[in-house]
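See structure below.
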Amino acid sequence: MTYIKDLLKHKGQTVELKGWCAQKRDSKGLVFMTFRDGTGFCQAVISLDVVGEASFDAAKRLPQESSLVIAGKVIRDEKQIGGFEIQVAQLQVLAEAGDYPITPKEHGVDFLMDNRHLWLRSRRQWAIMRVRNRIIFAIHEFFQGKGFVQMDAPIFTGNACEGTSTLFETDYYGEPAYLSQSGQLYGEAMAMAQGLIYTFGPTFRAEKSKTRRHLSEFWMIEPEMAFYDLKMDMDLIEDFVRFVVSKVLDEMKEELKALERDTTYLEKVREPFIRMKYEDAVSVIKGEKEVNGKTSLQMLAHEEAALKNQRAQLETDIAEREKKIASGELKKGEVNFNQARIDKLKNEIKDLDEKLQNIPQWQNSARNFKRGDDFGGSDETVLTKMFGQPVMVYNWPQEVKAFYMKEDETDKGYAKGVDLLAPEGYGEVVGGGERETDIERLKNKIEEHQLPMSAFEWYLDLRKFGNVPHSGFGLGLERLVAWICGLQHIRETIPFPRSYGRLLP
RNA sequence: UCCUCGAUAGCUCAGCUGGUUAGAGCACAUGACUGUUAAUCAUGGGGUCCCUGGUUCGAGCCCAGGUCGGGGAGCCA
């Protein structure tokens with residue numbers, strides 16, 4: 001048995017492939033099949049003259065996603081999907097599929113999500129999962145290469161770590177326990193044992209969020225480093241993100257192409273990231289400060305104009321196609337094609353309308369931003385659209401950050417925290433910072449945040465026994481995947497997304 | 001929880017100012033076509049118009065309440 005990914009090595013030879021029929025077209029005496037085997041896609045041509053009547057008829061009736069074994073000669077053909085064609089000499093059907101729900105046609109999100117177990121077979125989803133896998137591998141490569149030890153934090157916890165978000169409560173032998181919303185505090189304990197560590201595991205948030213950035217269950221990578229200050233932390237974040245994105249850019253070209261990802265902005269990760277203090281970022285958001293000769297409000301106005309222009313173009317396109325159809329000069333096939341096109345364009349207009357609807361809201365939010373507040377989703381979007389590359393915002397007002405963030409001695413009232421905002425409006429992908437080491441301050445903060453002191457005794461021990469400066473950060477895997485793949489929605493970044501109102505499949 | 005948009009065939013949608021028997025394309029089935037890449041041709045089957053109540057001679061369309069979903073806010077990675 002041969003895999004599609006290895007076809008290059010078998011050019012001109014006869015190979016046997018096992019897989020599924022992804023799509024099919026037939027004409028008299030010929031069946032063209034898009035064949036997939038999990039490792040890739042290729043075209044299989046089944047000719048009546050070659051395979052004989054019995055096999056040919058079987059191939060011709062074969063429904064989408066039936067499983068089969070084919071044997072035939074490998075021909076290089078750049079025009080074909082995957083770049084190869086198999087001229088089938090023998091064909092054996094393993095299982096004929098029923099009526100497959102996902103057709104080569106536009107589908108709505110809800111329908112696709114209900115069929116997520118099958119949707120994963122589609123080429124686009126296949127490519128996303130490949131990229132996700134490469135990102136995960138790159139994360140391990142990066143940290144392992146630097147001598148970090150992977151140590152995982154527990155998923156059941158007895159306390160709400162930062163006391164902010166809503167957690168999932170479970171019954172733990174009769175006691176309440178929560179599903180972990182962060183491995184952060186445990187990471188600190190483990191860093192005191194191993195120096196450099198990272199956790200890689202699932203994280204749970206019970207927020208009833210319904211946005212393209214949120215999941216109830218997602219994967220987080222949380223490195224923690226003894227003897228690192230904020231500056232070292234930021235350097236590490238930058239090296240890390242550059243490493244991961246570069247690996248995907250260099251090694252996943254086919255997948256990015258399948259996703260039609262424009263990599264112009266991604267390539268910018270190879271340049272130094274922008275670093276700015278919270279106060280400066282606020283000035284940019286509020287439109288007091290120009291970036292590349294534009295204020296945030298001007299940028300939003302431009303964006304609005306561009307969207308309106310796009311919308312007008314789509315309208316004209318639709319009108320022209322409708323006119324052509326009405327003229328009655330087109331063949332039936334051409335009419336169908338144009339009608340399908342119109343459907344698609346109308347959907348694009350709906351998307352644009354949704355975006356347009358948000359812009360005035362964002363403008364307001366930017367204009368009225370209160371210095372000292374945390375950034376909202378729209379503020380992040382505005383900020384990252386201003387820059388064509390990743391931006392690190394550091395030194396945040398202490399009140400908006402978690403209790404364990406260290407105060408900057410030279411910049412009173414500001415915490416040594418950092419957020420990395422991905423460009424193109426993708427927002428926060430990394431949040432981190434230097435940890436508070438002063439035990440008295442920690443105790444005060446825990447009280448201020450009204451957290452139960454008893455749950456943090458073990459954490460305070462870390463300051464009693466060999467206290468050292470240390471830093472760390474958390475990376476949301478799915479947000480990174482969404483940004484790198486250029487996806488509209490985070491739900492496509494994970495095999496089986498769990499979000500508000502979605503527990504199946 | 002709040003704002004906003006929506007629910008019509010397996011799928012994507014159209015359905016005028018409320019008016020007879022609710023439409024198209026795709027998919028599916030049958031047949032025709034030797035090189036297709038969502039663009040050949042013909043025929044065919046397929047509907048609880050989300051639910052409940054109301055207005056009306058008459059509701060897919062209007063009104064009220066609900067359910068589910070999209071986008072956003074809040075919260076965050």
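Side-chain atoms are counted along with the backbone in the values below, which use heavy atoms only and exclude waters and symmetry mates. Quick note on labels: first sequence line is chain A, next is B, and so on, each numbered from 1.
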Base, sugar-phosphate or nothing for [X]? Non-hydrogen atoms, less than 4.0 Å.
X	result
L215(A)	base
S27(A)	base
D374(A)	sugar-phosphate
V430(A)	sugar-phosphate
S378(A)	sugar-phosphate
F111(A)	sugar-phosphate

For a quick test of your reading: what N or O donor-acceptor pairs under 3.5 Å do the side chains of residues 25-36 of chain A make, sequence neighbours left out?
| residue | atom | partner | partner atom | Å |
| --- | --- | --- | --- | --- |
| R36(A) | NE | E65(A) | OE2 | 3.2 |
| R36(A) | NH2 | E65(A) | OE1 | 2.7 |

I need the full list of side chain to side chain donor-acceptor pair (under 3.5 Å) pairs touching [range], with sequence neighbours left out, sorted by first then second residue.
range	value
residues 423-433 of chain A	R261(A)-E424(A)
residues 474-484 of chain A	R132(A)-E478(A)
residues 47-56 of chain A	none

Enumerate the protein-to-nucleotides 13-16 of chain B contacts in which both atoms are nitrogen or oxygen and the separation is below 3.5 Å.
| residue | atom | partner | partner atom | Å |
| --- | --- | --- | --- | --- |
| C13(B) | OP1 | N347(A) | OD1 | 3.2 |

Is [Y] close to [X] at the side-chain level, that is, under 4.5 Å between some pair of heavy atoms?
X	Y	value
E303(A)	K355(A)	no
I86(A)	V74(A)	yes
E434(A)	D233(A)	no
F200(A)	H140(A)	yes

- prompt: Please, which pairs that meet ring pair (Phe, Tyr, Trp, His ring centres under 6.0 Å) have at least one residue in residues 485-505 of chain A, sequence neighbours excluded?
  reply: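 Qualifying pairs, neighbours excluded: none.
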
query: Partners of S378(A) by side-chain hydrogen bond (donor to acceptor under 3.5 Å, both in side chains), sequence neighbours excluded?
result: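 If we apply the side-chain hydrogen bond (donor to acceptor under 3.5 Å, both in side chains) test to S378(A), skipping adjacent residues, the hits are S365(A).
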
Could you go over nucleotides 46-51 of chain B and give all protein N or O partners under 3.5 Å, atom names and distances?
none

Can you check the distance between [N] and [M], where both ends of the measurement are the [atom1] atom (answer in whole Å)?
N	M	atom1	value
A38(B)	C26(B)	P	15 Å
G18(B)	C63(B)	P	10 Å
U56(B)	U30(B)	C1'	47 Å
U52(B)	G45(B)	C1'	33 Å
U17(B)	U43(B)	C1'	38 Å
U12(B)	G53(B)	P	28 Å
C61(B)	G23(B)	C1'	15 Å
U55(B)	U1(B)	C1'	33 Å

message: So if I take residues 53-63 of chain A and measure heavy-atom distances to RNA chain B, which residues fall below 4.0 Å?
response: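 Nothing qualifies; none.
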
message: In this structure, how many angstroms lie between the P atom of C75(B) and the NE2 atom of H214(A), rounded?
response: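 From H214(A) NE2 to C75(B) P: 10 Å.
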
- prompt: Which letter, B, S or -, goes with each nucleotide of nucleotides 36-44 of chain B from 5' to 3', with contact meaning a protein heavy atom under 4.0 Å?
  reply: BBBB-SS--

- request: Compute the ring centroids of F375(A) and Y278(A), then answer whether they are less than 6.0 Å apart.
  value: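 Yes, the ring centres sit under 6.0 Å apart.
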
- request: Verify whether the ring centers belonging to Y178(A) and F204(A) lie closer than 6.0 Å.
  value: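 No, ring centres 6.0 Å or more apart.
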
If you restrict it to nitrogen or oxygen atoms, what contacts under 3.5 Å exist between nucleotides 67-71 of chain B and the protein, and what is each distance?
| residue | atom | partner | partner atom | Å |
| --- | --- | --- | --- | --- |
| G69(B) | OP1 | G501(A) | O | 3.2 |
| G70(B) | N2 | E354(A) | OE2 | 3.3 |
| G71(B) | OP1 | H489(A) | NE2 | 3.3 |
| G71(B) | OP1 | R491(A) | NH2 | 3.1 |
| G71(B) | O3' | R212(A) | NH2 | 3.4 |
| G71(B) | O2' | N358(A) | ND2 | 3.4 |

query: Does H107(A) make a side-chain donor-acceptor contact with the base of C11(B), cut-off 3.5 Å?
result: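 Per atom types, no contact qualifies.
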
Dot-bracket encoding per residue of RNA chain B, Watson-Crick/G-U cut-off under 3.5 Å, | denoting interstrand: (((((((..((((.....[...)))).(((((.......))))).....(((((..]....))))))))))))....

Proximal nucleotide (of G74(B), U34(B), G35(B)) relative to the Q87(A) side chain: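 Of G74(B), U34(B), G35(B), G35(B) is nearest to the side chain of Q87(A).
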
field: R275(A) bridged to E238(A) by N-O distance under 4.0 Å
entry: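 Salt bridge flag = yes for E238(A) with R275(A).
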
message: Between K286(A) and D379(A) (salt bridge meaning N to carboxylate O under 4.0 Å), is one present in this structure?
response: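 The answer is no: the pair does not qualify as a salt bridge.
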
Rounded distance (nearest 0.5 Å) linking atom CG of D419(A) with atom NZ of K401(A):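 One gets 3.5 Å once the value is rounded to the nearest 0.5 Å.
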
query: Do Q184(A) and E222(A) meet the criterion of a side-chain donor-acceptor pair at a distance under 3.5 Å?
result: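 Side-chain D/A pair, Q184(A) to E222(A): absent.
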
query: NE2 of H117(A): more than 12 outside heavy atoms within 6.0 angstrom?
result: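 Yes.
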
